Amino acid sequence: MENQKKLQIYNSLTGKKELFVPLHDNYVGMYVCGPTLYSEPHMGNMRTFINFDLIYRYLLHLGYRVKYVRNITDAGHITNSAGYEEDSIGKAARLEQVQSLEIVYKYNLKFQELQRIYNLLSPSIEPTATGHIQEQIEIIEQILQNGYAYVVNGSVYFDTQKYMQDFNYGILSGRKVEELSTETRSLNAQDEKRFFADFALWKKANPEDMQIWRSPWGDGNPGWHIECTAMSTKYLGKQFDIHGGGMDLKFPHHEDEIAQSCGSFGCNPAKVWMHANMLNVNGQKMSKSFENYFLPKEIIDGTTSLFKKAYSANVIRFFMMQAHYRSTLDFTESALDAAEKGLSRLSEGIKLVEKITVSDKSSFDVQGVIQNFYEAMNDDFNAPILIANLFDAVKFVNLINDGKETISSDDRALLDKEMNGFIYDVLGVELKTASSHSKLNPVMDLVMDLRQQARQNKDWTTSDKIRNALEEAGIVVKDGKEGTTWS
RNA sequence: GGUCUCAUGGCCGAGCGGUUAGGCACCGGUCUGCAAAACCGUCUACAGCAGUUCGAAUCUGCUUGAGACCUCCA
């Protein structure tokens, strides 16, 4: 609880780390932009969700009651301002010759599965855009009523120029409309917008649209940004603590969300805006359009051509935790191998804590070691530092095991609790021991017994023969101090 | 073109003016029938040039290189 008061978060809105003070004591409202389910989320998408899972977990660890809302975008958004282009979900549906919501349902099942595999905690609620059309319409009406939008031919557009008279458009992204206008995207003849920076709140339906809703302005589809405004307001209120998402949503999506909230309620929806950085492949952003992506499932199954072997979801998660959420991260084979070995070291250390012998007192500052865990995370969720500190703790544990340091009974209990808490609860890394090979066990017991006999007779030829044969079968035999193990 | 990031030892990756980041690899050691594993120890980098400062990886300017956003994007 003491540590609640020390959490600093980098706020994209101010560009600074700020002391986190929730709007309501002990409660945190957090909204994170979720996936558009027109395809299976790729590893880059997952990184953002994993990072916000870390943030959610640490807030919970600090004792906050957190309402975590992450939307599911199941209404495709018409990309072309002229309105003749298909929406992304509709396009996928047409390709597979099914209806839009079948596509969403299909990929949502995949997404849910990925969340289980990568050990993500479920948000408090995952509202869908199509389930909140009425709420979206109401906010559009409010914006119209306030004079920050206009209706043209069955569509509604946000009036950026009018808005700029009263509010700062560009407050989040730092963009200046004058600079934006130098870009070549001039209004074309059939464009209904009055100003190039205006964006659609409601789009008149096209005949081929798969999903169409009734509205006061005629049949149509909601604009891209309005769903988040509607759902965050419904579940968290007009103002809440944290709004997060990927860096690439900063502009225009989040900027426009702010405009919509200010335009309807007169206030910025979130006190703190957080942006997770991108996952790179060979230095370039992983992206569907670049076609340089791989799927979260492929790396676990070892079916992506990028890597020779498969990695467990835990290793992937741990690997990601070793980079700060605001830094880009590149996936490379050697880095993943390093993470795999590092995780195993951490894992061994954790297992050892409860076994080490205790002394009258500790020879090192256990409380200080633990406080370092908190300080790392209190500094804008710095998981890489937390992990470094956990490795320091592991070193102490090993030194105690070697009789070079001592620990008291109370300190051991404390260290055990906190190390486990930070690894399992905060980092969300599971260190499960290898699954038990129930059928193999009795066989291996026999084999190991035979080899042990050979070793006792100093029949190294036989014992090495067994070891080599097992190795070829993928079973590694280790002769430790306290007996032989295999895995 | 505009706006903005970033450049760290063999690899990954922290760092926000002075202190060992950490992991992996390498090397040395302990252990071991041998090996593997495990553990301990070691390795001291900050793109280039100039400046500010008692002191800079960390601040300023310039140069070079990479990337993001400005269009759907996590």
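Below, chains carry the letters A, B, ... as their sequence lines are ordered, and counting in each starts from 1. This structure is a prediction, so every number in the text was calculated from the model and none was measured.
Residue A:F52 is classed as having no contact, given no heavy-atom separation below 4.0 Å to the nucleic acid. A:G44 comes within contact range of at least one nucleobase, with a heavy-atom separation under 4.0 Å. Within the 4.0 angstrom heavy-atom criterion, only backbone atoms of the sugar-phosphate kind lie near A:N398; the bases stay farther away. Residue contacts for A:V477: at a heavy-atom cut-off of 4.0 Å it reaches a base atom on one of the strands shown. Here A:Y293 lies out of heavy-atom contact (under 4.0 Å) with every strand. The residue A:A388 sits close to a base: some heavy atom pair falls under 4.0 Å. Within 4.0 Å (heavy atoms only), A:A323 reaches sugar-phosphate atoms of the nucleic acid but no base atom. Residue A:R175 is classed as a base contact, given a heavy-atom separation below 4.0 Å to a base. Within the nucleic acid shown, A:S327 comes within 4.0 Å of sugar-phosphate atoms alone, with no base atom in reach, counting heavy atoms only. Counting non-hydrogen atoms under 4.0 angstrom, A:H42 reaches a base of the nucleic acid. Among the protein residues, A:M46 comes within range of no part of the nucleic acid, since none of its heavy atoms lies under 4.0 Å from any strand. Across all strands, A:K250 comes closer than 4.0 Å to no nucleic acid atom at all (heavy-atom distances). In this structure, A:L279 reaches the bases: a heavy-atom distance under 4.0 Å links it to at least one base atom across the strands shown. Note on A:K341: only backbone sugar-phosphate atoms sit closer than 4.0 angstrom, heavy atoms only; bases stay farther off.
Of the candidate nucleotides B:rC11, B:rG22, B:rG33, B:rG33 has the atom lying nearest to any side-chain atom of A:R455. Closest contact between the side chain of A:Q322 and the listed nucleotides B:rG23, B:rC34, B:rG67 involves B:rG23. The side chain of A:A338 lies closest to B:rC24, out of B:rA74, B:rC24, B:rC12. Set against B:rG13, B:rA21, B:rA74, the side chain of A:L249 has B:rA74 as its closest nucleotide. The side chain of A:K17 sits closest to B:rC16 out of B:rG22, B:rC16, B:rA68. Picking from B:rC40, B:rA14, B:rG13 the nucleotide with the shortest atom distance to the side chain of A:L399 gives B:rC40. Closest contact between the side chain of A:Q284 and the listed nucleotides B:rG13, B:rC34, B:rA68 involves B:rA68. Comparing B:rA14, B:rA74, B:rG13 against the side chain of A:N382 picks out B:rA14 as the nearest. In the set B:rA74, B:rC70, B:rG13, B:rA74 carries the atom at the smallest distance from any side-chain atom of A:D248. Counting only heavy atoms from C-beta on, A:F391 has its side chain closest to B:rG23 among B:rA14, B:rG23, B:rC40.
Between A:F294 and A:F307, the ring planes are perpendicular. Angles over 60° get that label, and only those under 30° would be called parallel. Ring planes of A:F167 and A:Y163: parallel class, angle under 30° (limits at 30 and 60°). Taking the six-membered ring for Trp and thresholds of 30 and 60 degrees, A:Y325 and A:F381 have ring planes more than 60 degrees apart, a perpendicular arrangement.
Looking at A:R345, its side chain has no donor and acceptor atom pair within 3.5 Å of the base of B:rA38. Scanning atom types as modelled, no donor and acceptor separated by under 3.5 angstrom connect the side chain of A:N457 and the base of B:rG33. Judged by atom type and distance alone, A:N401 does not reach the base of B:rC39 through any side-chain donor-acceptor pair under 3.5 Å. Taking 3.5 Å as the limit, the base of B:rC6 and the side chain of A:R326 contain no donor-acceptor pair of atoms between them.
Spacing of P atoms, B:rU20 relative to B:rA45, comes out at 13 Å, to the nearest Å. Atom P of B:rG28 sits at a distance of 13 Å from the matching atom of B:rA36, rounded to the whole Å. B:rC62 and B:rC6 have their P atoms separated by 16 Å, with the value rounded to a whole Å. Comparing the same atom, C1', in B:rC11 and in B:rC31 gives a spacing of 29 Å after rounding to whole Å. Nucleotides B:rC39 and B:rU32 are separated by 13 Å at their C1' atoms, to the nearest Å. Taking atom P in both B:rG17 and B:rG13, one finds a spacing of 23 Å when rounded to whole Å. Nucleotides B:rU42 and B:rA25, compared at atom C1', are 14 Å apart to the nearest Å. B:rA47 and B:rG9 have their C1' atoms separated by 14 Å, with the value rounded to a whole Å.
Toward the 5′ end of RNA chain B lies the nearest nucleotide of A:I385, the other residue of the pair A:K458 and A:I385 mapping further downstream. Of the two residues contacting RNA chain B, namely A:N282 and A:F396, the nearest-nucleotide position lying further toward the 5' end is that of A:F396.
Atom P of nucleotide B:rC39 and atom NZ of A:K478 are separated by 10 Å, given to the nearest angstrom. Between A:R317 atom CZ and B:rC12 atom P the separation is 24 Å, expressed in whole Å. The distance between atom CG of A:D392 and atom C1' of B:rA14, rounded to the nearest whole Å, is 13 Å. The NE2-C1' distance, from A:H225 to B:rC72, rounds to 11 Å in whole Å. The distance from atom CG of A:L329 to atom C1' of B:rA74 is 14 Å, rounded to the nearest whole Å. Straight-line distance from the CG atom of A:N280 to the P atom of B:rA68: 7 Å, rounded to whole Å. Rounded to an integer number of Å, the gap from CG of A:L352 to P of B:rA38 is 13 Å. Distance, A:L386 CG to B:rG22 P: 15 Å, rounded to whole Å.
Nucleotide B:rA14 is matched to nothing when pairs are restricted to Watson-Crick or G-U wobble geometry with both distances under 3.5 angstrom. Pair check for B:rU3 finds B:rA68; Watson-Crick or G-U wobble, both atom distances under 3.5 Å. Within the shown strands, B:rU60 is the pairing partner of B:rA50 under the Watson-Crick or G-U definition, both distances less than 3.5 Å. Under the Watson-Crick and G-U wobble criteria, each requiring two contacts below 3.5 Å, nucleotide B:rA38 is paired to B:rU30.
Residues A:R412 and A:V353 come closest through the heavy atom pair CD-O, 3.3 Å. A:F373 and A:A393 get closest at one heavy-atom pair: CZ-CB, 4.0 Å. Between A:D53 and A:L121, the shortest heavy-atom contact is OD1-N, 2.9 Å. Minimum interatomic distance between A:I171 and A:E255 (heavy atoms only, all atoms of both residues): N-OE2, 3.0 Å.
Residues A:E333 and A:K309 are not paired through a salt bridge, judged by the lack of any N-O separation under 4.0 Å between the basic side chain and the carboxylate. Remark: A:D464 engages A:R467 in a salt bridge, criterion side-chain N to carboxylate O under 4.0 Å. The pair A:K6-A:D379 does not count as a salt bridge, with every side-chain nitrogen at least 4.0 angstrom from each carboxylate oxygen.
Regarding contacts with the backbone of B:rC69, a side-chain N or O of A:K285 is found under 4.0 angstrom from either OP1 or OP2. Phosphate contact (OP1/OP2 of B:rG41, side-chain N/O of A:K395, threshold under 4.0 Å): present.
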